[in-house]
Every structure is written in structure tokens, then in C-alpha cells.
S.K.: 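Quick one: this structure, given as C-alpha cells, is what I'll be asking you about.
Model, not experiment: these values are computed from the prediction. Note that these values count all heavy atoms, side chains included, but never hydrogens, waters or copies made by symmetry.
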Amino acid sequence: MTESLALGQSSSAVSLRFSRHSSEEQMHRLLRVAVAAVGFVLVGIGASRAQSAPTLYFSAIPDDDETRLTERFDKVAAYLSRQLGVPVRYVPVKSYAASVTAFRNDQIQLAWFGGLSGVQARLAVPGSQAIAQGTEDRTFVTYFIANKETGLQASETFPAAAKGMTFTFGAQTSTSGRLFPEFYIRKETGQAPETFFSRVGFSGDHAQTLRLVSTGAFQVGALNYTVYDAALAKNAPEVDSTRVIWKTPPYPDYNWTIRGDVDARFGEGFMGKVQTAVTGMTDADLLASFPRSGFVKAANEDYGPIEETARAIGLLD
């Protein structure tokens, strides 16, 4: 009897302990399920927000070949994405005109423009703003270069001895490759380029201008001074057969321009954030993508001389 009672008490104790253990295990299991569910919900919310965040698309005028441009500006896109907290994608374009068209059509909202293409873009999309320029862009110059076989030498004055030679601009709407070179050709000679030179062409970009003059396809050309200086620093073969014969007086040039509706799309103050991100760019590798030593704030008014010059020679209505 006593043994039966003891056995019964022992069984009850085991049963009780088992019941408690089972309940605790169930509670832990439920807790794990709940935590996993919350985590899943949070991940889902995060993914949903990431998917719903609009992408900022930016481009740059194609003043170099497309492969090098993509290598340069994909890194810039990654930097801007980190600074702005939104996805940023670089979109290559085929021509200066295409960059302005993409901006007008809202295919890009931000662009690294030349002086003239920036003016054209802002006229096409009212409310757009120039927000930054390179430190060097406040006093930009164009180099006139010549194939050494011409015998032309460096001079402080316009190379009048180039009369009757062949000449190439860069892109048709390039500030440094066409706008100001043509302005000074007309100013210094009193003639249109097609009259002063025997043949006039458009290379499409500054690097191609250098190549064409170096091979003698054109005897003289005009290009962005930073492109030539970079080639000189790298001891590129093209500089062996060319020389700088004249440089223009300084003028304002490249600029970051942004559409005026970005605050409505990305949130109040977004334009200011982009300006801060650009002017705060200090990484030497990123700055070499432009190439610039840094960026400073800019405004539409800084490019008044560009618009006036473009209208004077008929590039703007």
C-alpha cells in the first residue's frame, strides 16, 4: 500500500515535471516563431521601402569615349547613392544634344553638363538649377593645338598664321570645344571659321580632337585644356606630335544641373542635399573622374556669359 502510494506520488511528480518542461518548450517555440515573424515583417517593410524609393538618374556630356565615361561615373553614382540614401544610376548618352534631350524628357534628373549644354537644359526645363561647378570651371580655357608638322608655335596672341589650314572643333554644342573657340575665331579674325580655315570639322569629343590633330587628319583643333593636360601628364603618344599654340581668355564652363521638381519627388530639401553631396566630394579618385580638384556652389547667373555668347553667334535663338 505504502509502495503503491509512493509510486503514485513519484509518477505524479514525473508527470508534473514533464508537463512543466513541455509548457516551457512550447513557450520557447512560440517565442521563436513570434521573433521570426516580426523579423520577416521588418525585412518585408525594409524591402518594400527599398523598392518604393525612387531612383535618381544622372548623366554627363560625352566628352570622352563611352567605356571610360562609364568607368568614371559608375563610381560617382555609388558615392551619391550613399550620401543621398536613394538609388542612383549613371545613364550614358551618345551626344551632347542627347544629354539635353534626356534631361528635358525626365529620363535623367541630374547632369554634369558643359556650360552651353547646361544653359540649353535649364532653358528647356524651367525651374532647373545649376548647383555646383568645378573649382577650375570658374576660369576655364580652351587650348588651340596644332600638329607639329605645321610649324605653328606657341603664342600669346591668336594664331593668325593658321589661316587656310584645316581645323576641327569638338562636339557641335561643346562650350570649350566649339562655343568659345568659334567666338574668338570670329572676334580675332573678323571671319567665320569656314572662311578663315580651308576645311572645318567636328570631332565629337575632346579626346578625338587630340587624336585627329596628332595624326594630321586636321592640322589645327580646339579642345578642353584639362584633356590635353591629362594626356601630357600621362605622356600619351598624341602629345608627341602636337603642341599648344594658343589658349583663350577664361570663361565659366562645366556645371552640375538638377531639375527643379526633385524636392517634390524625393522629399523636401533634396536639391540642397545633392548640392551638399557634390560640393562635399573630396575623394581624389572620384574627383579624377571629372577631372577636378573640387566642387563649389554655383547658380544659374554664373552662366550668363555663356548664354550671351551663344546667342551672339547663333547657337541659341
S.K.: With side-chain contact (heavy atoms from CB on, under 4.5 Å) as the test, would you mind laying out the steps for Arg265 and Asp106 before giving the verdict?
M.R.: CA-CA 12 Å; Arg265 183 177 307 179; Asp106 198 22; 2.7 Å; yes

S.K.: Only one of Leu116, Leu315, Asn300, Val119 clears side-chain contact (heavy atoms from CB on, under 4.5 Å) with Glu307; which?
M.R.: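 So, applying the side-chain contact (heavy atoms from CB on, under 4.5 Å) to Glu307 and each of Leu116, Leu315, Asn300, Val119, only Val119 qualifies.
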
S.K.: So Trp112 and Tyr90, ring pair (Phe, Tyr, Trp, His ring centres under 6.0 Å) or not? Walk me through it.
M.R.: CA-CA 11 Å; Trp112 174 239; Tyr90 166 67; over 10 Å; no

S.K.: Rounded to the nearest 0.5 Å, how far does CZ of Phe169 lie from NE2 of His206?
M.R.: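 The NE2 atom of His206 sits 12.5 Å away from the CZ atom of Phe169.
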
S.K.: What is the distance from atom CG of Asn147 to atom OG1 of Thr215, rounded to the nearest 0.5 Å?
M.R.: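 Going from CG on Asn147 over to OG1 on Thr215, the span is 7.5 Å.
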
S.K.: I'd like to know if the side chain of Thr248 and the backbone of Val141 have a donor-acceptor N/O pair within less than 3.5 Å.
M.R.: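 Such a contact is absent between Thr248 side chain and Val141 backbone.
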
S.K.: Could you point out which residue of Asp137, Thr309, Thr142 forms a side-chain hydrogen bond (donor to acceptor under 3.5 Å, both in side chains) with Tyr251?
M.R.: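 The single option meeting the side-chain hydrogen bond (donor to acceptor under 3.5 Å, both in side chains) with Tyr251 is Thr142.
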
S.K.: Is there a side-chain contact between Lys163 and Thr189, using heavy atoms and a 4.5 Å cut-off?
M.R.: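 They are not in side-chain contact.
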
S.K.: Would you call Pro92 and Leu69 a side-chain contact if the rule is heavy atoms closer than 4.5 Å?
M.R.: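 Heavy-atom side-chain distance check fails, nothing below 4.5 Å.
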
S.K.: Are Val274 and Val296 grouped together when hydrophobic residues (ILVMFWY) are joined by side-chain heavy atoms under 4.5 angstrom apart?
M.R.: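 No.
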
S.K.: For Ile61 and Gly114, work out which heavy atoms get closest and say how close.
M.R.: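 In this case the closest contact between Ile61 and Gly114 is CD1-N, 3.3 Å.
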
S.K.: Do the side chains of Phe103 and Thr257 get nearer than 4.5 Å, heavy atoms only?
M.R.: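 Thr257 reaches Phe103 side chain to side chain.
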
S.K.: After noting the C-alpha distance and the side-chain angles of Glu136 and Tyr225, does the key distance pass the side-chain hydrogen bond (donor to acceptor under 3.5 Å, both in side chains) rule?
M.R.: CA-CA 11 Å; Glu136 295 83 355; Tyr225 83 98; 5.6 Å; no

S.K.: Using modelled atom types and a 3.5 Å cut-off, is there a donor and acceptor pairing between side-chain atoms of Thr168 and backbone atoms of Gly221?
M.R.: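 No; judged by distance alone, with no hydrogens or angles, the pair does not exist.
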
S.K.: Taking a hydrophobic cluster as the set of Ile, Leu, Val, Met, Phe, Trp and Tyr residues connected by side-chain heavy atoms closer than 4.5 Å, whether directly or through intermediates, do Val93 and Ile108 fall within one such cluster?
M.R.: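 They do not share one cluster, since no chain of ILVMFWY contacts under 4.5 Å joins Val93 to Ile108.
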
S.K.: Think Arg292 forms a cation-pi with Tyr254, using NZ or CZ under 6.0 Å from the six-ring centre and within 45 degrees of its axis?
M.R.: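 That pair qualifies as a cation-pi contact.
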
S.K.: So, taking the atom named CG in Leu179 and the one named OG in Ser174, what distance separates them when rounded to the nearest 0.5 Å?
M.R.: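 Atom-to-atom, Leu179:CG and Ser174:OG are 8.5 Å apart.
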
S.K.: Are the side chain of Asp205 and the backbone N or O of Gln208 linked by a donor-acceptor pair below 3.5 Å?
M.R.: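 Between the backbone of Gln208 and the side chain of Asp205 there is a qualifying donor-acceptor contact (under 3.5 Å).
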
S.K.: Do side-chain atoms of Ser198 reach the backbone of Met165 as a donor and acceptor pair under 3.5 angstrom?
M.R.: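 Checked: pair present.
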
S.K.: Return the orientation label for the Phe158 and Trp246 ring planes: parallel under 30°, perpendicular over 60°, tilted otherwise.
M.R.: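 The arrangement is perpendicular - the two ring planes meet at more than 60°.
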
S.K.: For Ala78, does its backbone N or O pair with a side-chain atom of Ser81 as donor and acceptor, under 3.5 Å?
M.R.: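 No: the side chain of Ser81 does not pair with the backbone of Ala78.
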
S.K.: Evaluate the ring pair (Phe, Tyr, Trp, His ring centres under 6.0 Å) criterion for residues Tyr184 and Phe144: first the C-alpha distance (whole Å), next the side-chain angles of each, then the deciding distance (0.1 Å), finally the verdict.
M.R.: CA-CA 11 Å; Tyr184 283 109; Phe144 278 59; 8.5 Å; no

S.K.: Report, as yes or no, whether the 6.0 Å neighbourhood of atom CZ on Arg89 holds more than 12 heavy atoms from other residues, nucleotides or ligands.
M.R.: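 12 or below, so no.
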
S.K.: Below 4.5 Å, heavy atoms only, C-beta onward: do Ile245 and Thr150 meet side chain to side chain?
M.R.: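 When only atoms from C-beta onward are counted, Thr150 and Ile245 do not touch, as no gap falls below 4.5 Å.
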
S.K.: Minimum heavy-atom separation for Gln129 to Arg122, with atom names?
M.R.: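 That closest heavy-atom pairing would be C-CD, 4.1 Å.
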
S.K.: Please check if the side chain of Lys148 supplies one atom and the backbone of Arg243 the other of a donor-acceptor pair under 3.5 Å.
M.R.: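 Looks like no, no N/O pair under 3.5 Å.
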
S.K.: Starting at CD1 of Ile313, measure out to CD of Glu182 and round the result to the nearest 0.5 Å.
M.R.: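 It is 4.5 Å, given to the nearest 0.5 Å.
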
S.K.: Evaluate side-chain contact (heavy atoms from CB on, under 4.5 Å) for Leu84 paired with Leu56, printing each intermediate quantity in order.
M.R.: CA-CA 10 Å; Leu84 301 173; Leu56 176 69; 3.8 Å; yes

S.K.: Going from CD1 on Ile131 to OG1 on Thr276, what distance comes out if it is rounded to the nearest 0.5 angstrom?
M.R.: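 Rounded to the nearest 0.5 Å, the CD1-OG1 separation comes to 9.0 Å.
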
S.K.: Evaluate the criterion side-chain contact (heavy atoms from CB on, under 4.5 Å) for residue pair Asp283 and Tyr79; output intermediate values, then yes/no.
M.R.: CA-CA 10 Å; Asp283 183 273; Tyr79 164 80; over 6 Å; no

S.K.: Without hydrogens or angle criteria, can the side chains of Tyr96 and Gln120 be said to hold a donor-acceptor pair below 3.5 Å?
M.R.: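 Absent: no donor and acceptor within the cut-off.
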
S.K.: Answer whether the closest heavy-atom distance between the side chains of Phe266 and Pro54 falls below 4.5 Å.
M.R.: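 Yes; the side chains approach each other to less than 4.5 Å.
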
S.K.: State, to 0.1 Å, how close Arg72 and Phe290 come at their nearest heavy-atom pair, and which atoms those are.
M.R.: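 Arg72 and Phe290 have their closest heavy atoms at NH2-O, 3.5 Å.
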
S.K.: Go through the steps to decide whether Phe180 and Phe140 satisfy the test ring pair (Phe, Tyr, Trp, His ring centres under 6.0 Å), and finish with yes or no.
M.R.: CA-CA 10 Å; Phe180 277 102; Phe140 212 80; 9.9 Å; no

S.K.: Above 12 or not: heavy atoms from other molecules or residues under 6.0 Å from NZ of Lys75?
M.R.: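 Atom NZ in Lys75 is packed in, count exceeds 12.
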
S.K.: For a 4.5 angstrom cut-off between non-hydrogen side-chain atoms, does Pro159 reach Gln153?
M.R.: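 Heavy-atom side-chain distance check fails, nothing below 4.5 Å.
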
S.K.: What heavy-atom pair brings Asp263 and Met271 nearest, and what distance separates the two atoms?
M.R.: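 Scanning both residues, the minimum pair turns out to be OD1-N, 2.9 Å.
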
S.K.: Anything under 30° is parallel, anything over 60° is perpendicular, the rest tilted; go ahead and classify Phe197 against Phe167.
M.R.: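 Phe197 and Phe167: parallel rings.
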
S.K.: State, to 0.1 Å, how close Arg104 and Val125 come at their nearest heavy-atom pair, and which atoms those are.
M.R.: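 Smallest heavy-atom distance, with atoms named: CA-CG2, 3.6 Å.
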
S.K.: Start with the C-alpha distance between Phe113 and Thr175, add both sets of side-chain angles, then the distance that settles side-chain contact (heavy atoms from CB on, under 4.5 Å), and finish with yes or no.
M.R.: CA-CA 10 Å; Phe113 283 126; Thr175 305; over 6 Å; no

S.K.: Is there a side-chain contact between Asn255 and Asp302, using heavy atoms and a 4.5 Å cut-off?
M.R.: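 Asn255 vs Asp302: side chains apart.
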
S.K.: Tell me, do Phe295 and Leu287 make a side-chain contact under 4.5 Å, heavy atoms counted?
M.R.: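 A side-chain contact exists here, since the closest heavy-atom pair is under 4.5 Å.
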
S.K.: Can you measure from CZ (Arg259) to OH (Tyr57) and round to the nearest 0.5 angstrom?
M.R.: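 Atom-to-atom, Arg259:CZ and Tyr57:OH are 14.0 Å apart.
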
S.K.: Ignoring hydrogens and geometry, is there a side-chain-to-backbone donor-acceptor pair from Ser241 to Ser214 under 3.5 Å?
M.R.: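 Yes.
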
S.K.: Which atoms form the tightest heavy-atom contact between Ser203 and Leu212, and what is the distance?
M.R.: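 Taking Ser203 first and Leu212 second, the nearest heavy atoms are CB-CD1, 3.7 Å.
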
